[in-house]
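Here's the structure we're looking at; comments come further down.
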Amino acid sequence: FAGQFGDPHIQNTDLEGGLSAPSIRTLAKIIRTMLKDRRQHLNLLQDADIPKIEKIVEDMLVAAQIDGEKDAISGVKMFPDFVKRFTARVKEMKDGSRLVVTGGWSDKSGGHAIMHCI
């Protein structure tokens with residue numbers, strides 16, 4: 001699930017979600033290792049696909065960074081600063097660029113992690 005949602009989930013374990021940034025960083029490390037040291041096992045990929053995958057990994061790591069900033073909010077008073085930094089980042093986007101961010105919802109019955117692409 002980390003590949004689709006950036007969130008681990010194995011029911012009835014400590015991996016029941018809510019930790020997107022570490023999961024994304026781990027997945028990015030695995031992908032980079034595969035591209036660098038295990039390329040021969042990725043025989044369905046063309047050489048032209050590699051830069052595209054590397055860009056996706058970069059986008060994922062930015063999402064992990066933003067998620068980490070969000071998780072560092074320890075009180076309501078810190079939230080407006082996070083929102084200001086985030087909206088500034090969106091405003092600075094150039095035509096054709098993208099920004100991937102984590103999101104989702106949770107309540108007493110469960111939840112769902114989502115990766116948004118702006």
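Computation of the quantities below employed the complete heavy-atom set of this structure, encompassing side-chain atoms and omitting hydrogens, waters and symmetry-equivalent molecules. Position 1 is the first residue of the sequence; numbering continues from there.
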What's the shortest heavy-atom distance between [X] and [Y], and which atoms?
X	Y	result
F82	I66	CE1-O, 3.8 Å
A21	G68	CB-N, 4.2 Å
V57	A28	CG1-CB, 3.7 Å
T102	S20	CG2-CB, 3.8 Å

Answer yes if [X] and [Y] sit in the same cluster of Ile, Leu, Val, Met, Phe, Trp and Tyr residues linked by side chain heavy atoms under 4.5 Å apart, and no otherwise.
X	Y	value
I31	V100	yes
V83	I118	yes
M60	V62	no
L61	M93	no

Test item: [X] and [Y] side chains (from C-beta on) under 4.5 Å apart, heavy atoms:
X	Y	answer
M115	I24	yes
R39	L45	yes
L99	V90	yes
L35	I53	yes
R98	I56	yes
E54	I50	yes

Practice problem: Would you indicate whether D107, at its atom CG, is surrounded by more than 12 heavy atoms from other residues, nucleotides or ligands within a distance under 6.0 Å? | Solution: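 Above 12, so yes.
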Quiz prompt | Heavy atoms from other residues, nucleotides or ligands near CG of D37 exceed 12 (cutoff 6.0 Å) | solution =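 Result for CG/D37: enclosed.
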Quiz item: What residue among R32, K36, R38 forms side chain to side chain contact (heavy atoms under 4.5 Å, CB included) with M34?
Solution: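 One option only clears the test, and that one is R38.
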Quiz item: Taking 4.0 angstrom as the limit, do K55 and D59 come out as a salt bridge?
Solution: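 A salt bridge links K55 with D59.
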Quiz prompt | Residues D67 and R25 bridged, charged N to O under 4.0 Å | solution =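 Result for this pair is no, no salt bridge flagged.
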Exercise. Please round to the nearest 0.5 Å and tell me the distance separating atom CD of E69 and atom CE of M78.
Key: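 Here the rounded value is 10.5 Å.
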